[in-house]
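Scroll down for the structure; my scribbles are underneath it.
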Amino acid sequence: QYDVLLLPNCPVLPDAAWDAVDQMIRRGGVVMADSACRADIPGIVRILPNAAPAPDAAADREKALVRRYGDAHHPQVVEALQEGTLAAAPATLQDVRQRIEKACRPAVTCLAPEMAYNLLCAEGITYLAVVNTRRTAGPHYGHFGKVLESGVAQRVGLRLAPSFAPICYDLLSQRRIKTQGGDVALDLPGAGGAILAFLPAPIDGISLLRIPSDSAALIRFEAVLHLADQAPATGVIPLDAQIVYPDGSRSDRSCHSAFRKGLWRIDIPRELNAPEGTNTLTVRERASGKSATIAWSWADQDAPPIQARNP
């Protein structure tokens with residue numbers, strides 16, 4: 001069922017677990033464990049500690065930290081010593097990640113060690129969420145004296161499988177991302193990220209039209225997302241929708257709104273005290289930022305449906 005199994009800090013294994021791990025290795029799976037695992041399992045991959053620092057060097061580092069912060073129990077001292085221990089203990093996360101990627105051949109390969117991602121395929125579109133995990137100890141203290149960390153901006157790279165669609169948009173920045181030979185480069189802010197959506201063709205525009213409703217007290221609009229070359233729109237693309245009333249007040253209708261398979265509809269009820277005049281509805285998709293605006297008034301509700309399309 002699984003290609004890779006990690007056994008961190010696992011000194012013992014029940015007989016049933018030992019048998020399951022042994023069978024997994026026999027059928028070609030990869031099992032990795034650190035030095036805490038005492039189980040003698042043929043074929044297991046040991047992630048052994050790196051060489052520990054010399055005792056004198058570690059003692060000198062601790063003395064220097066105490067001189068700087070004044071107390072051996074100071075949170076900055078404790079954190080710095082923990083970082084030194086982790087650096088000298090098990091192999092780096094990058095090493096483990098490379099072993100996992102070699103065994104699994106995933107659809108996404110990280111080209112930077114300090115990042116995390118989550119891959120989702122839904123309704124014909126592939127989505128990739130990327131988070132910048134590079135950080136450094138900050139100057140402030142949090143709960144229980146823990147040193148709050150500060151994110152560090154960095155440029156990260158991703159290598160994508162050939163199965164990814166060729167057009168990529170970042171749903172957070174609403175811009176198109178270049179892909180070169182399956183590689184993607186992203187400039188991520190500290191503690192920031194990106195949500196990438198991969199489409200079969202570029203977004204061409206939005207059609208926004210009024211369609212018949214079931215009640216005279218409602219007005220119904222339909223928005224259609226168009227891709228270039230008349231490619232069918234699939235997946236879920238979030239959108240922003242805002243109504244501007246004749247008196248200049250605004251109503252945000254964006255909550256959980258999205259194009260699904262290129263289509264979105266909204267019913268707007270007529271308020272009893274609705275001001276007379278022209279209302280406008282603006283719909284903007286959050287992949288490339290294209291939008292469309294349509295105007296109406298309750299006085300001409302019975303007029304034929306109208307349509308607007310903005311590139």
Does the side chain of T133 come under 3.5 Å of the side chain of R135 through a donor N or O and an acceptor N or O?
no
Stepwise ring pair (Phe, Tyr, Trp, His ring centres under 6.0 Å) check, W264 with F221
CA-CA 8 Å; W264 177 75; F221 293 101; 9.1 Å; no
To check you understand the geometry: which heavy-atom pair defines the closest contact between L239 and A258, and what is its length?
CD2-C, 3.7 Å
What class does the angle between the rings of H74 and Y69 fall in, given that below 30° is parallel, 30 to 60° is tilted and above 60° is perpendicular?
parallel
Give me the atom names and distance for the closest heavy-atom approach of S207 to H226.
OG-NE2, 2.6 Å
pair V45-M32: side-chain heavy atoms closer than 4.5 Å:
yes
Does R260 use its side chain to pair, donor to acceptor, with the backbone of I237 at less than 3.5 Å?
no
CZ of R159: more than 12 outside heavy atoms within 6.0 angstrom?
no
To the nearest 0.5 angstrom, please state how far the CD1 atom of I44 sits from the CG atom of L7.
5.5 Å
Check A295 against T278 and note the closest heavy-atom contact, atom names and distance.
CB-CG2, 3.8 Å
Measure the spacing between OG of S254 and CG of D240 and express it to the nearest 0.5 Å.
4.0 Å
Non-hydrogen side-chain atoms of F259 and V283 separated by less than 4.5 Å:
yes
Going by atom types alone, do Q154 and N132 pair a side-chain donor with an acceptor below 3.5 Å?
yes
Give a yes or no on this: more than 12 heavy atoms of other residues, nucleotides or ligands lie within 6.0 Å of atom CD of Q230.
no
Let's go through T282 and R284 carefully: what are the C-alpha distance in whole Å and the side-chain angles of both, what is the deciding distance for side-chain hydrogen bond (donor to acceptor under 3.5 Å, both in side chains) to 0.1 Å, and is it a yes or a no?
CA-CA 7 Å; T282 299; R284 179 170 57 90; over 6 Å; no
Between A107 and L119, which heavy-atom pair has the shortest distance, and what is it?
CB-CD2, 3.9 Å
Under a 3.5 Å distance rule, please check whether S213 uses its side chain to pair with a backbone N or O of L218 as donor and acceptor.
yes
Check: Y127 side chain, V236 main-chain N or O, donor-acceptor pair, under 3.5 Å
yes
Do you reckon L13 sits in the same ILVMFWY cluster as Y2, going by side-chain contacts under 4.5 Å, direct or chained?
yes
Do M24 and L5 have side chains that approach each other closer than 4.5 Å (heavy atoms only, starting at C-beta)?
yes
Give a yes or no on whether V184 and V108 share a hydrophobic cluster (residues Ile, Leu, Val, Met, Phe, Trp, Tyr; joining criterion: side-chain heavy atoms under 4.5 Å apart).
yes
Transitive ILVMFWY side-chain link I203 to V224, under 4.5 Å
no
Quick check: are there more than 12 heavy atoms from other residues, nucleotides or ligands sitting under 6.0 Å from CG of D247?
yes
For L65 and R61, what are the C-alpha separation, side-chain angles and deciding distance, and is it a side-chain contact (heavy atoms from CB on, under 4.5 Å)?
CA-CA 6 Å; L65 289 168; R61 174 175 171 77; 4.1 Å; yes
Within-4.5 Å side-chain heavy-atom neighbours: L158 and T109:
no
Any chain of hydrophobic side-chain contacts (each under 4.5 Å) joining L227 to L208?
yes
Please evaluate residues R265 and I211 with respect to the criterion side-chain contact (heavy atoms from CB on, under 4.5 Å), reporting the C-alpha separation (whole Å), side-chain torsions for both, the decisive distance (0.1 Å), and the verdict.
CA-CA 9 Å; R265 288 180 177 176; I211 60 177; 3.8 Å; yes
Please tell me if the side chains of D3 and V30 come closer than 4.5 Å, counting only heavy atoms from C-beta onward.
no
Nearest 0.5 angstrom please: E285 CD to Y169 OH, how far?
7.5 Å
Counting N and O atoms only, with roles assigned by atom type, does the side chain of N279 sit under 3.5 Å from a partner on the main chain of W296, one being a donor and the other an acceptor?
yes
Indicate the atoms forming the closest heavy-atom contact of W18 with I41, along with that distance.
NE1-CG1, 3.3 Å
Distance (rounded to the nearest 0.5 Å) between R220 CZ and D214 CG
4.5 Å
To the nearest 0.5 angstrom, please state how far the CG atom of L128 sits from the CD1 atom of I195.
10.0 Å
Hey, is the main chain of P8 close enough, under 3.5 Å, to the side chain of D34 for a donor-acceptor pair?
no
Could you tell me whether the side chain of R176 reaches within less than 4.5 Å of the side chain of P202, counting heavy atoms only?
yes
Looking at Y117 and V131, would you say the former's side chain and the latter's main chain have a donor-acceptor pair under 3.5 Å?
no
Please round to the nearest 0.5 Å and tell me the distance separating atom CG of D22 and atom CG of D15.
12.0 Å
Which atom pair, heavy atoms only, marks the closest approach of A241 to L281?
CB-CD1, 4.5 Å
Result for side-chain contact (heavy atoms from CB on, under 4.5 Å) between C168 and one of T126, L160, I177 points to I177
Determine, using the 4.5 Å side-chain heavy-atom cutoff (strictly less than), whether I206 and I266 are members of one ILVMFWY cluster.
yes
